[in-house]
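Please read the structure below before turning to the comments.
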Amino acid sequence: MIKKIQFWLTVTRSYALPMSILSWFVAFCYSITQNGYPIYGIIALLGISLAHLAANMFDDYIDFKILPKKYDKYNNLQLENAQEGKCSYILNSSMTPAQLLMLAIIFFGLASLIGIYFAINVGIGAIIFMILGGLLAILYPILGKFRLCEIAIFLIYGPYIFGGINYVMTGHYDWKTIIVSIPSALMTVNMLYTDTLLDYDLDKRQRKKTLANLFSDKWDSLNFQKKLLSISYISVLLSAIFDIVDWQIMLTYVTIPLAINLIDSLKIFIIDKKAIPDRKFFEYFMENWDEIIEEGSGAFMLRMYQARNLMVCFSLIFGVVLLLYSS
């Protein structure tokens, strides 16, 4: 049973699902303060989660189809220019590409049904948000060729999710959701940026254009990430300046040590790609760690977990403060 759960967590890349859940949480908390209907917010979370998992599987399907392949000395099929563990469940024949694509279509279909439900019960605006987010999710594998992935992630996990959640919960669109969405969306972009910085060399070889490899070397890329995180924390103040929430929103700054820890960990990675620093006492929310170490992707996944957990802690505090101290 446990192995089956681990298998499906791998197939759907569920480790990244907190990106959607925590973005939803902040938007949900804000919408509650605007007299939003909580049941609709919870139903919307199901739709967002299904769409996210579908996009993950579709992205893996595209990667498996387009990445060059080779056989190792034991005659095992491998993907060239890919992180260890990428599409491992296809490579070991646990699932076929066709099955993966069908599963992605089913998940997208279920998410679409939820969007139609909201269009009928709330308004056509729900379909607009669903289409905008869905198009970017489907086009995401292509956007990597044009250095647009970070912009897509910012829009999906910022204005689209926040505007959509607020719309289905309150029945109207509130422009202030854009202000509220900025810090959380930037933290989500930081997750993607961490991924692309870790894949800097691989993406260069694949000629994939990312914001991280726009810079001439990884140290310059890391310096940009420092600025990105700084802007994330500064943007928190906008919610107070626009009188959306009281100044207790600065409690999000208690997560700054997690951001510093991520940057320090990435410095080690740049020097030695295989180095896995000792995990600190606050870094024990890393599921399937033993399996990850066994398949050889520990150095990569450690940094991804660090970026994810930073986003989780930041968003939890942000959402709770919005709920308790909205103006």
Side-chain angles (χ1 to χ4, degrees), residues 15-16 18-19 21-23 25-26 83 149-150 153-154 157-158 180-201 210-240 245 247-287 289 292-293 297-322:
Y15 71 86
M19 292 169 61
I21 295 175
L22 272 298
S23 295
F25 176 73
V26 178
Q83 285 288 352
C149 286
E150 288 81 5
I153 289 296
F154 179 83
Y157 290 98
V180 176
S181 75
I182 292 173
S184 177
L186 288 175
M187 279 293 175
T188 304
V189 170
N190 177 66
M191 276 190 66
L192 171 63
Y193 192 89
T194 299
D195 188 354
T196 54
L197 178 54
L198 296 171
D199 281 343
Y200 183 97
D201 294 325
T210 69
L211 189 56
N213 67 30
L214 172 66
F215 300 95
S216 58
D217 63 55
K218 283 175 272 191
W219 292 107
D220 286 341
S221 299
L222 185 61
N223 286 332
F224 179 83
Q225 186 165 9
K226 294 177 186 177
K227 295 181 177 65
L228 176 64
L229 285 168
S230 297
I231 294 170
S232 301
Y233 284 105
I234 293 171
S235 67
V236 168
L237 303 178
L238 291 175
S239 294
V245 67
W247 289 96
Q248 286 90 340
I249 200 65
M250 292 180 68
L251 285 170
T252 52
Y253 286 8
V254 302
T255 62
I256 289 177
L258 297 181
I260 294 173
N261 181 61
L262 171 62
I263 295 298
D264 289 341
S265 183
L266 288 170
K267 289 178 181 177
I268 296 171
F269 182 86
I270 291 174
I271 296 170
D272 181 358
K273 290 183 179 181
K274 296 184 179 180
I276 304 177
D278 291 335
R279 288 160 60 188
K280 298 179 175 60
F281 72 93
F282 52 80
E283 292 184 327
Y284 280 86
F285 297 100
M286 298 182 177
E287 61 274 13
W289 184 249
I292 288 169
I293 292 295
S297 57
F300 175 87
M301 285 303 302
L302 174 70
R303 278 77 182 188
M304 288 305 301
Y305 278 139
Q306 288 171 334
R308 183 200 66 179
N309 292 347
L310 166 62
M311 188 265 183
V312 168
C313 293
F314 179 92
S315 299
L316 282 174
I317 296 171
F318 197 177
V320 170
V321 173
L322 276 171

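Please read these numbers as outputs of a predicted model, since none were measured by experiment.
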Less than 4.5 Å apart, side chain to side chain, heavy atoms only: is that true for [X] and [Y]?
| X | Y | value |
| --- | --- | --- |
| Cys149 | Leu192 | yes |
| Leu229 | Ile263 | yes |
| Thr196 | Asn213 | no |
| Leu198 | Leu266 | yes |
| Phe154 | Thr188 | no |
| Asn223 | Asp220 | yes |
| Met250 | Val321 | no |

Working to the nearest 0.5 Å, report the span between [atom1] of [X] and [atom2] of [Y].
| X | Y | atom1 | atom2 | result |
| --- | --- | --- | --- | --- |
| Asn309 | Thr255 | CG | OG1 | 12.0 Å |
| Ser221 | Leu214 | OG | CG | 8.0 Å |
| Ile153 | Asn190 | CD1 | CG | 12.5 Å |
| Asp199 | Thr194 | CG | OG1 | 11.0 Å |
| Met311 | Ser23 | CE | OG | 3.5 Å |

Hey, does the side chain of Ser297 reach the backbone of Phe300 with a donor-acceptor pair shorter than 3.5 angstrom?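 No; judged by distance alone, with no hydrogens or angles, the pair does not exist.
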Please check: side-chain N/O of Arg303 versus main-chain N/O of Ser265, any donor-acceptor pairing under 3.5 Å? yes
In terms of heavy-atom contacts, Ser184 and Phe318 come closest through N-CE1, 4.4 Å
Between Ser315 and Val26, what is the shortest heavy-atom contact and its length? O-CG2, 3.5 Å
Ring pair (Phe, Tyr, Trp, His ring centres under 6.0 Å) involving Tyr233 - partner list, sequence neighbours excluded: Tyr253, Phe314
Can you name the ring pair (Phe, Tyr, Trp, His ring centres under 6.0 Å) partners of Tyr193, sequence neighbours left out? Phe224
Asp201: which residues meet the salt bridge (Lys or Arg N to Asp or Glu O under 4.0 Å) condition with it, sequence neighbours left out?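 Only Lys218, Lys273 meet the salt bridge (Lys or Arg N to Asp or Glu O under 4.0 Å) criterion with Asp201.
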With sequence neighbours excluded, what pairs up with Lys267 under the salt bridge (Lys or Arg N to Asp or Glu O under 4.0 Å) test? Asp264
Side chain to side chain contact (heavy atoms under 4.5 Å, CB included) partners of Asp272, counting only residues at least two apart: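 Result, side chain to side chain contact (heavy atoms under 4.5 Å, CB included) vs Asp272: Lys274, Ala275.
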For Leu238, check side chain to side chain contact (heavy atoms under 4.5 Å, CB included) against everything at least two apart and list the hits. Ile179, Ile182, Ser235, Phe242
